[in-house]
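See below for the structure under consideration.
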Amino acid sequence: MKRKNGWRKSIHKCWCIPPEQNAAFVAAMEDVLEVYHESYDPNCPVICMDEKPFQLLNEVRQPIPMKPAKPLREDSKYERNGTCSIFIFTEPLAGWRYIEVQSRRTRIEWAEQVKALLDEHYPHAPKIKLVMDNLNTHSIASVYQVFDPQTVFA
């Protein structure tokens with residue numbers, strides 16, 4: 001779609017398309033969908049977790065403020081100031097969410113975030129169901145790598 005100012009307007013939808021013939025993906029997705037169909041249980045909350053790296057950018061030139069019938073205009077040039085990782089935990093059925101920004105995205109940060117989830121946000125829940133992607137850092141091995149056994153089983 002061509003616009004007056006020469007910019008193209010891009011419209012597209014994103015989907016989770018499983019790789020062909022990937023039984024492991026389909027089996028894992030069926031497990032997740034089954035958990036999402038469960039009724040709310042405050043003694044076993046379903047917590048969804050995700051993380052995303054972000055670039056930290058500064059403007060090189062001041063944006064032009066929006067005016068009636070004109071949007072905010074920002075220059076495409078920027079200055080890169082490193083990266084960070086945003087961790088998000090949400091319990092959709094309870095309307096709860098928690099976001100934490102970390103400078104890195106390793107096993108250590110992930111394990112520390114899970115520990116904070118259990119110790120600070122859900123200290124009285126006997127059990128939680130944690131729904132997350134299968135990133136290699138998201139494993140019980142990460143917890144054992146970061147914490148001693150007494151902490152893990154406390």
Do [X] and [Y] come close enough that some side-chain heavy atom pair is under 4.5 Å?
X: Asp133; Y: Asp50; value: yes
X: Pro53; Y: Thr83; value: no
X: Phe54; Y: Ile86; value: yes
X: Val131; Y: Val46; value: yes
X: Cys44; Y: Ile128; value: no
X: Glu38; Y: Lys129; value: yes
X: Phe87; Y: Gln102; value: yes
X: His138; Y: Glu51; value: yes

For atom [atom1] of [X], decide whether the heavy atoms of other residues, nucleotides or ligands shown that lie under 6.0 angstrom number more than 12.
X: Arg97; atom1: CZ; value: no
X: Gln62; atom1: CD; value: no
X: Tyr40; atom1: OH; value: yes

Interatomic distance, [X] atom [atom1] to [Y] atom [atom2] [nearest 0.5 angstrom]:
X: Thr106; Y: Gln145; atom1: OG1; atom2: CD; result: 8.5 Å
X: Asp119; Y: Glu112; atom1: CG; atom2: CD; result: 11.5 Å
X: Met49; Y: Leu117; atom1: CE; atom2: CG; result: 9.5 Å
X: Glu74; Y: Ile64; atom1: CD; atom2: CD1; result: 10.5 Å
X: Lys115; Y: Trp110; atom1: NZ; atom2: CH2; result: 13.5 Å
X: Ser142; Y: Phe147; atom1: OG; atom2: CZ; result: 10.5 Å

Answer with yes or no whether the hydrophobic clustering places [X] together with [Y]; edges join I, L, V, M, F, W, Y residues whose side-chain heavy atoms lie under 4.5 Å apart.
X: Ile140; Y: Ile47; value: yes
X: Leu130; Y: Leu93; value: no
X: Leu56; Y: Val101; value: no
X: Tyr36; Y: Ile88; value: no

inquiry  = Ring centroids only, cut at 6.0 angstrom: are Tyr98 and His121 within range, meaning strictly under it?
reply    =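 So the answer is yes for these two rings.
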Where is the tightest heavy-atom contact between [X] and [Y], given as atom of each residue plus distance?
X: Leu72; Y: Pro63; result: CD1-CB, 3.8 Å
X: Pro92; Y: Thr90; result: CD-O, 3.4 Å
X: Ala111; Y: Val143; result: CB-CA, 4.1 Å
X: Arg104; Y: Ser85; result: O-CB, 3.6 Å

ask   = Yes or no on side-chain contact (heavy atoms from CB on, under 4.5 Å) for Val35 and Asp31, after CA distance, side-chain angles and deciding distance?
value = CA-CA 6 Å; Val35 168; Asp31 285 345; 5.8 Å; no
task = Applying side-chain contact (heavy atoms from CB on, under 4.5 Å), run through Gln113 and Phe89 and close with a yes or a no.
result = CA-CA 9 Å; Gln113 290 297 311; Phe89 291 90; 3.8 Å; yes
request  = Decide side-chain contact (heavy atoms from CB on, under 4.5 Å) for Cys84 and Arg105; before the verdict, give the C-alpha distance in whole Å, the side-chain angles of both, and the deciding distance to 0.1 Å.
outcome  = CA-CA 8 Å; Cys84 69; Arg105 181 183 177 205; over 6 Å; no
query = What class does the angle between the rings of Trp96 and Tyr122 fall in, given that below 30° is parallel, 30 to 60° is tilted and above 60° is perpendicular?
reply =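 Aromatic pair Trp96/Tyr122 classed perpendicular.
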request  = Step by step, work out the salt bridge (charged side-chain N to carboxylate O under 4.0 Å, His left out) result for Glu59 and Lys77.
outcome  = CA-CA 7 Å; Glu59 301 283 348; Lys77 296 188 189 287; over 6 Å; no
